Structure formats: C-alpha cells, structure tokens
Protein chains: 2
Amino acid sequence: MMSTKNVAEMLRIAGLRPTRQRMLLGELLFGQGHRHATAEMLHHEAVDAGERVSLATVYNTLHQFKRAGLLRELAIDGAKAYFDTNTSNHNHFFYEREGKLVDIPEDSIRIDGVPEAPAGMVISHIDVVVRLAPK
Amino acid sequence: MMSTKNVAEMLRIAGLRPTRQRMLLGELLFGQGHRHATAEMLHHEAVDAGERVSLATVYNTLHQFKRAGLLRELAIDGAKAYFDTNTSNHNHFFYEREGKLVDIPEDSIRIDGVPEAPAGMVISHIDVVVRLAPK
DNA sequence: CTGTGTGCAAACTCTTTGCATAAGT
DNA sequence: ACTTATGCAAAGAGTTTGCACACAG
C-alpha cells in the first residue's frame with residue numbers, strides 16, 4: 001500500500017522526475033499491493049480514470065521502472081509482456097485460457113538440483129510458470 | 001535421429017500429407033536429435049539448403065506440428081516463439097544476451113511443493129527457465 | 001478429379017522510435 | 001533557462017490470414 005507521497009519518493013530515489021504521468025502509473029502499479037499488468041491494461045485504467053497518457057509513454061515508463069528495479073518483466077505467453085511489481089523470487093500460475101497471472105506464495109515451491117551456471121555466466125533469475133488449463 | 005522414411009511415417013500418423021515442405025521442415029526439426037527453433041531460423045535453413053518455402057508456410061507447419069503433439073511452443077522472451085522438438089517435461093537454460101536456449105537434463109531439476117491446481121483446472125505444464133547473464 | 005496445402009501479400013498486434021512540443025527543476 | 005519527458009504518428013518485428021494457384025491422393 002504505497003501512498004502518493006511514497007510514489008513521489010520512489011521516483012526521486014530512482015532518479016526519475018515525478019511527472020504527472022509517472023505519478024499516475026506509479027500509483028496504479030504500487031498503490032494497492034502487488035500486481036501484474038500489461039501496458040495496455042495500465043493505459044486503459046489511466047484513461048478510464050480520466051487521465052491523459054499515451055500508450056507510448058506507458059511503455060516508456062514501464063521500461064524506466066524496470067531499469068530502476070521497480071518492476072520485473074515476465075515472458076509468459078509470447079504475445080504480450082507482463083510486468084510484475086513483486087520483484088522478489090516467486091512463481092506464477094498462468095491461466096492459459098484467460099491469460100491471467102496469479103502469484104504462487106514464495107515459500108511454496110522448492111526447486112532442487114539446479115545445475116551450475118556455465119563458465120562466465122551467472123543465473124539472473126529462475127522463472128517457474130505453472131500453466132493451468134480448464135479441466 | 002529420424003530418417004526421411006520416419007518423417008514421412010510421422011506425418012502420416014499425424015494425419016498430415018507428406019508434402020515437400022513438410023518433409024523438409026520435418027527433417028530439419030527431427031532429423032538430428034532434439035532441437036529448439038524459431039520460425040525464422042527454420043525458414044533461413046530451408047532457403048540456405050536451396051529449398052523453396054515461404055515463411056507463412058513455416059509458421060503454418062509449426063502450428064500443425066504443435067497441434068499434432070510433435071512440438072512444444074516455448075514462451076521465453078516475449079519477442080519470438082521458440083519451438084522445442086522435445087515435448088517431454090524438461091527445463092531450459094536461456095542465455096539472455098544471445099537469445100539461445102539449451103536443455104537442462106530431465107532428471108536434474110526437481111520441483112517440490114507445487115500447490116494443487118485451483119478448482120476446475122488442471123496443470124498442463126510446468127515451465128522452468130533458468131536465465132543466464134554474462135558474469 | 002477433389003480436396004488440402006502453399007505462396008504471396010496484406011493485415012494485425014504489440015512494441016519501439018523520431019521529433020516537435022510541453023513540463024519539471 | 002535548461003533539460004528531460006511526453007505525445008503523436010510512423011515504423012518495426014513477429015505472426016496470422018485470405019485467396020488464387022498448385023499439388024497429393
């Protein structure tokens with residue numbers, strides 16, 4: 001639950017000017033707990049809320065947030081990019097039919113036996129996606 | 001290592017006519033052990049080999065093969081679709097810089113504590129991608 | 001022959017980019 | 001004022017589709 005003041009602070013720390021659009025998107029993303037969003041969803045929400053933002057700016061802002069470590073980008077179904085406000089290592093259910101993404105609690109899944117990274121490489125992240133289909 | 005004869009047989013079983021293009025792509029995909037490919041890679045290989053196939057046909061064929069259960073589609077980096085000739089449950093290293101995909105042996109990684117699928121849903125697959133960055 | 005497959009080009013979706021204008025400090 | 005951000009529209013990548021022609025059975 002991040003307040004308006006905290007969004008401003010968050011932007012300042014990330015070295016991003018607290019413009020109207022960034023404040024807006026920051027509040028949509030971080031204002032009520034963790035969430036998953038696509039650029040389109042956010043743009044739609046912003047417009048619904050009567051605010052003026054272009055889709056291009058939504059994309060730009062998402063990438064700036066990502067670069068600042070505030071978001072993680074998830075490649076789930078190829079078609080579109082999902083952004084996750086929870087940047088810690090956790091996993092996801094993906095409802096294939098609806099394209100919906102739901103967190104799996106952090107401590108639920110345990111992965112053993114991950115091979116070492118090849119020489120000169122480091123593991124940057126391990127993504128686990130549990131795909132769900134209607135029974 | 002699938003021979004030409006086996007590709008023809010494979011297509012027949014899948015209910016797909018063994019056309020020149022399908023034979024070609026089938027051999028590129030299944031001719032020398034398991035592999036990962038994008039539509040573009042295959043098209044390029046086919047053209048390099050002096051064969052005539054359109055990119056649209058490559059896409060169509062990949063989806064037909066997928067529908068027949070011969071391939072699995074992997075959503076790894078959002079930008080492009082990878083197809084994997086190994087349809088069994090195994091996992092992948094992904095070299096983020098190069099966009100390269102490498103298998104992790106099937107018995108290496110063990111996943112515990114996967115929550116049950118929500119009501120009315122079944123787990124269709126669990127994807128594990130170990131992302132690698134240069135050190 | 002009859003029906004399915006193919007090629008081409010055009011359409012489509014999602015995303016990125018270039019550049020003039022607007023807004024932040 | 002000076003710099004950075006935004007909006008728009010156009011471009012770009014990857015993928016899909018419609019339809020006439022070609023090929024397999």
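Proteins come first, then strands; the chains are lettered A, B, ... in the order of their sequence lines, and each starts at number 1. From a predicted model like this one, the values you see are computed outputs, not experimental measurements.
- The side chain of Y59(B) contributes an N or O atom lying less than 4.0 Å from OP1 or OP2 of dT15(D).
- Where G15(B) and L16(A) meet DNA chain C, the nucleotide closest to each residue was compared, and G15(B) sits on the side nearer the 5' end.
- Each of A39(B) and R20(B) has a nearest nucleotide on DNA chain D; the 5'-most of these lies closest to A39(B).
- For T57(A) and dT6(D), the shortest distance from a side-chain N or O to OP1 or OP2 is not below 4.0 Å.
- In terms of position along DNA chain D, the nucleotide closest to K80(B) lies nearer the 5' end than the nucleotide closest to the other residue of the pair R52(B) and K80(B).
- The separation between Q64(A) atom CD and dT4(D) atom C1' is 10 Å, rounded to whole Å.
- Judged by distance alone, the side chain of T57(A) and the main-chain N or O of V53(A) form no donor-acceptor pair under 3.5 Å.
- Side-chain contact of E96(A) with S124(B): a donor-acceptor pair under 3.5 Å is present, judged by distance alone.
- For dG7(D), one of the phosphate oxygens OP1 or OP2 lies less than 4.0 angstrom from a side-chain nitrogen or oxygen of Q21(A).
- At least one donor-acceptor pair closer than 3.5 Å links the side chain of H63(B) to the backbone N or O of Y59(B).
- For E51(A) and dG7(D), the CD to C1' distance is 15 Å, given to the nearest whole Å.
- Counting only distance, with no hydrogens or angles, the side chain of T87(A) and the backbone of L70(A) share no donor-acceptor pair below 3.5 Å.
- Counted by atom type alone, Q21(A) and R52(A) present zero donor-acceptor pairs between their side chains at under 3.5 Å.
- The backbone N or O of S88(A) sits less than 3.5 Å from a side-chain atom of N86(A), completing a donor-acceptor pair.
- Here the side chain of T19(B) is nearest to one of dT4(D), dG7(D), dA24(D), namely dA24(D).
- The CD-P distance, from E40(B) to dT16(D), rounds to 14 Å in whole Å.
- The CG atom of L55(B) sits 10 Å away from the P atom of dT16(D) (whole-angstrom rounding).
- Using a cut-off of 4.0 Å between Lys/Arg side-chain N and Asp/Glu carboxylate O, R72(B) and D127(B) are scored as salt-bridged.
- Regarding R12(B), its CZ atom lies at a distance of 11 Å from the P atom of dG25(D), rounded to whole Å.
- Between the side chains of H90(A) and D107(A), not a single donor N or O lies within less than 3.5 Å of an accepting N or O.
- Just one of K66(B), H92(B), R35(B) meets the side-chain hydrogen bond (donor to acceptor under 3.5 Å, both in side chains) condition when paired with D84(B); it is H92(B).
- T19(A) meets the side-chain hydrogen bond (donor to acceptor under 3.5 Å, both in side chains) test with no other residue; sequence neighbours excluded.
- Atom CG of L11(A) is separated from atom P of dA5(D) by 11 Å (rounded to the nearest Å).
- Where the helix from dC1(C)-dG25(D) to dT25(C)-dA1(D) starts and where it ends, the local axes point in directions that differ by 30°; five pairs per end, rounded to 10°.
- The CG atom of N60(B) sits 18 Å away from the P atom of dG14(D) (whole-angstrom rounding).
- Between H43(B) atom NE2 and dT15(D) atom C1' the separation is 14 Å, expressed in whole Å.
- Running 5' to 3' along DNA chain C, contacts with non-hydrogen atoms of chain B at under 4.0 Å begin and end at dG3(C) to dA9(C).
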